[in-house]
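Scroll down for the structure; my scribbles are underneath it.
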Amino acid sequence: MLDILRELNKEQIEAVKQINGPVLVLAGAGSGKTKALTHRIAYLVKQKKVAPSNILAITFTNKAAEEIKDRVLKITGKRNSKDFNISTFHSFCARLLRREAGKLGYSLSFSILDADDQLTAIKQAMEQLNIDPKRTVPEAVRAHISSAKNELVGAKEYSSKSSGTFQRTVARIYPIYQAILQNSQAMDFDDLIMNAVILFESHPDVLNKYQNQFQYLLIDEYQDTNTAQYRLAKLLASSHNNIFVVGDDWQSIYSWRGANYQNILNFHRDYPKAKIVKLERNYRSTQNILDGAHAIISHNQNRSDKKLWTKQDEGEPIIIYQALNEKNEGEFIWQEIGRIQADTKATRNDFVILYRTNAQSRSLEESLLRAGIPYRVVGGVRFYERKEIKDMLAYLKLINNPDDNIALARIINTPRRGIGKKGFLDLEKAARDQQISIYSYLKNIEKPTPQMAGFVQTMERIFKKSRTVVLSKLLNFILAATGYKLMLKSEGVEGETRLENIFELKSVMEKYDHLPPQEALTIFLEEVSLIADIDDYNPEDEAITLMTIHSAKGLEFDYVFVAGMEENIFPHSRTLFDQEELEEERRLCYVAITRARKRVYLIYAQERLLYGSLQNNPPSRFISDLPEHLTKTIKRQAAHGYTKSNPYSDTEIKAGDKIKHKKFGDGIVISKTGDVLTVAFTKEGIKNLASGIAEIKLRT
């Protein structure tokens, strides 16, 4: 027993030793919640002689489940992780239903559908109902059905609650979709939990069997449970009430996935005799970081009451920096990283740049590329690799070169136009037989299908427009003419985020609006392709980490830079008039700050080109929440004194300068118009380059 408890603090020991009855562990950021959970499992097995098979521990990700297993095996000295029931909600329910699904009319060898299979089934249902997939996007239907199942709302109940045209359409699709799954002896991912709840509620004998087996239930990240997960846990614990939950309502940031932080706040209502233990000692951050995070979260009305503390020093103040614009924001970050590395032994892996939305990564990535600093994007893909960005670039490439069969293949059925894989392969073969491009074949085909004729008509309108409008306005026209914008609008929050990314691409394109349309398109596509060419470092190498704040939950770094600390960005504009959503934004800010061990930087810009428009937003209200004694403001001029790791600033380049380009080699600048350089290269001839993107070094 002494060995198991030796590494724990007083509060952790209190939580571990409370064996019988409900226990709520309110664990602040960096307070050792996983240690409390794993040591409780070990304590039950080693000290209380509970069989591992009588313990069920549930978390949210496979990675977390594996980490808990590894720690438990190390503490207990056990060798086989199969002795322990430690898994995600979905894995547990899948195993359960493999034994019991017959009682619900399913084969025990039922299939589990992945996302693509779900879409196929939804499209089949829509086809049966003669619902046009161009008007009702299958991905959006899938998202709504998923949300309904997470709330334990079946097809019949959904129909009675639906309102508005789209929901009423989903209400027609939902029962047909479920019938297709049932006939295929298949369940989707959300069915796993929903059907487990239905099984327990409709078959008390089955519930009693599993209640007797799992005498001790432990749930990690309880603040992230949705209605279905909450109900499942309550059913399993209802006979013995030996439920031990760990979580932090201050870090509940997934309401858009159905998570309900009220589950953790209301735990004492569900279990009036619950033992509540607060883990308030932080092992990660300095006291100034903790006090700053607390000053922000304390403005929330719906929260638990706790105050994190640490035995570490007060540490450095939280740095506030006002950038001139998004470009200066990126420059400040890499310059500051260079300065810290020069003064300390910090490696690139010690730094993270956090942002509220994926679209913000574009300017940060370009800044690091210009500086020659390796980076990795975690929890997402790099800006120019995102599907919606690749789709837009494919349209632009086809406009620039109608013979580009690869670009055409990507967008001929995006958005869906009824030109399927077989139809395209037939087109490709016919064009190949005639030794012409696919688009040329399409334009001259004698009897095209209505779908093919429609595609050509749309593209011809875009070709015509491309000759008369500036580059950024061409993107707006493509979004409208192709139906791509309408498609994203129908996909809810996910579609809105993807649309924001496209508007950020528009921000890049505006740099070329002073050039003739065709020249602007050619230069833009060339420079974007060069970014992809140099974006090839090994992710195993040392690199700065870039990620959204949502992706950073559970991670920690020595140095944290939070970019875009402005109203309408963070907090996000869609949250400003909803108190519940605004409080979630504040929890998100709390998560961002508490990722840091040593130092936090909060950066806002005087103006920012984002989503295709120039924004002048005031500093985030979260900055004003911070007491002055916890912060230090760095003036913009101070950045000029930092050591640069990049040998040039594009504002310094002028006609007559000798440069070296990553791909084209040595050259001389002939002229500079705005951000576009005209360069005569020794081997490649004259090229037009975007100085803000191209990787260029001045030669002496």
Below 4.0 angstrom, N of the basic side chain to O of the carboxylate: do [X] and [Y] qualify?
| X | Y | result |
| --- | --- | --- |
| Glu366 | Lys327 | no |
| Glu585 | Arg356 | yes |
| Arg608 | Glu329 | yes |
| Arg339 | Glu336 | yes |
| Glu11 | Lys278 | no |
| Glu316 | Lys598 | no |
| Lys307 | Glu280 | no |
| Lys553 | Asp224 | yes |
| Glu66 | Lys69 | yes |

Do [X] and [Y] come within less than 4.5 Å of each other through their side chains, counting heavy atoms only?
| X | Y | value |
| --- | --- | --- |
| Arg386 | Lys390 | no |
| Val562 | Ile603 | no |
| Ile340 | Tyr559 | yes |
| Thr286 | Asp313 | no |
| Thr88 | Ile58 | no |
| Arg621 | Pro571 | yes |
| Ile68 | Val72 | yes |
| Thr357 | Thr497 | no |

Can you give me the closest heavy-atom contact between [X] and [Y], atom names plus distance?
| X | Y | answer |
| --- | --- | --- |
| Ala27 | Lys33 | CB-CB, 3.4 Å |
| Ile193 | Ala228 | CG2-CB, 3.7 Å |
| Tyr261 | Ser252 | CB-OG, 3.2 Å |
| Leu630 | Gly292 | CD1-N, 3.6 Å |
| Gly28 | Asp248 | CA-OD2, 3.7 Å |
| Asn62 | Ser91 | OD1-OG, 4.0 Å |

Once rounded to the nearest 0.5 Å, what's the spacing between atom [atom1] of [X] and atom [atom2] of [Y]?
| X | Y | atom1 | atom2 | answer |
| --- | --- | --- | --- | --- |
| Leu626 | Leu602 | CG | CG | 6.5 Å |
| Gln12 | Leu279 | CD | CG | 5.5 Å |
| Thr594 | Gln251 | OG1 | CD | 5.5 Å |
| Asn476 | Ser472 | CG | OG | 7.0 Å |
| Glu491 | Glu139 | CD | CD | 5.5 Å |
| Asn260 | Tyr230 | CG | OH | 9.5 Å |

Are a donor atom and an acceptor atom from the side chains of [X] and [Y] found within less than 3.5 Å of each other?
| X | Y | answer |
| --- | --- | --- |
| His572 | Glu500 | yes |
| Ser573 | Asn568 | no |
| Asn501 | Glu388 | yes |
| Ser304 | Lys306 | yes |
| Glu151 | Thr227 | yes |

Donor-acceptor check, side chain of [X] to backbone of [Y], threshold 3.5 angstrom: yes or no?
| X | Y | result |
| --- | --- | --- |
| Asn300 | Asn302 | no |
| His39 | Lys35 | yes |
| Thr38 | Thr34 | yes |
| Asn325 | Gln606 | no |
| Glu221 | Val246 | no |
| Asn266 | Gln262 | yes |
| Asn282 | Ser31 | no |
| Glu556 | Arg597 | no |
| Gln287 | Thr310 | yes |
| Glu607 | Leu324 | no |

After noting the C-alpha distance and the side-chain angles of Met392 and Leu479, does the key distance pass the side-chain contact (heavy atoms from CB on, under 4.5 Å) rule? CA-CA 8 Å; Met392 290 300 105; Leu479 284 169; 3.9 Å; yes
Any idea how Phe332 and Tyr321 line up, ring-wise: parallel (<30°), tilted (30 to 60°), or perpendicular (>60°)?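 Phe332 and Tyr321: parallel rings.
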Evaluate the ring planes of Phe622 and Phe570, with Trp represented by its six-membered ring, and classify them as parallel (under 30°), tilted (30 to 60°) or perpendicular (over 60°).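 Phe622 and Phe570: perpendicular rings.
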Go through the steps for Thr545 and Asn349 under the test side-chain contact (heavy atoms from CB on, under 4.5 Å), then give the verdict. CA-CA 7 Å; Thr545 301; Asn349 294 328; 5.5 Å; no
Gln579 atom CD, over 12 foreign heavy atoms within 6.0 Å: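 Counting other residues, nucleotides and ligands, CD of Gln579 exceeds 12 neighbours.
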Take Trp334 and Ile353 through the side-chain contact (heavy atoms from CB on, under 4.5 Å) test and state the conclusion after the steps. CA-CA 10 Å; Trp334 63 252; Ile353 306 172; over 6 Å; no
Quick one, Glu67 with Lys63, criterion salt bridge (Lys or Arg N to Asp or Glu O under 4.0 Å). Give me CA distance, side-chain angles, the key distance, then yes/no. CA-CA 6 Å; Glu67 180 184 353; Lys63 182 179 178 182; over 6 Å; no
Residue pairs fulfilling ring pair (Phe, Tyr, Trp, His ring centres under 6.0 Å) with at least one residue in residues 581-603, sequence neighbours excluded: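 Qualifying pairs, neighbours excluded: Trp250-Tyr590, Phe561-Tyr601.
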Step by step, work out the side-chain contact (heavy atoms from CB on, under 4.5 Å) result for Leu26 and Val277. CA-CA 6 Å; Leu26 284 171; Val277 180; over 6 Å; no
Measure centre to centre between the rings of Phe89 and Phe60, then say whether the value is under 6.0 Å.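 Ring centres of Phe60 and Phe89 closer than 6.0 Å.
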Check step by step if ring-ring contact (aromatic ring centres under 6.0 Å, His included) holds for His294 and Trp309. CA-CA 10 Å; His294 188 271; Trp309 61 276; over 10 Å; no
Suppose we screen for salt bridge (Lys or Arg N to Asp or Glu O under 4.0 Å). Which residues come up paired with Asp391, at least two apart in sequence or across chains?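 Asp391 satisfies salt bridge (Lys or Arg N to Asp or Glu O under 4.0 Å) with Lys387, Arg410 only.
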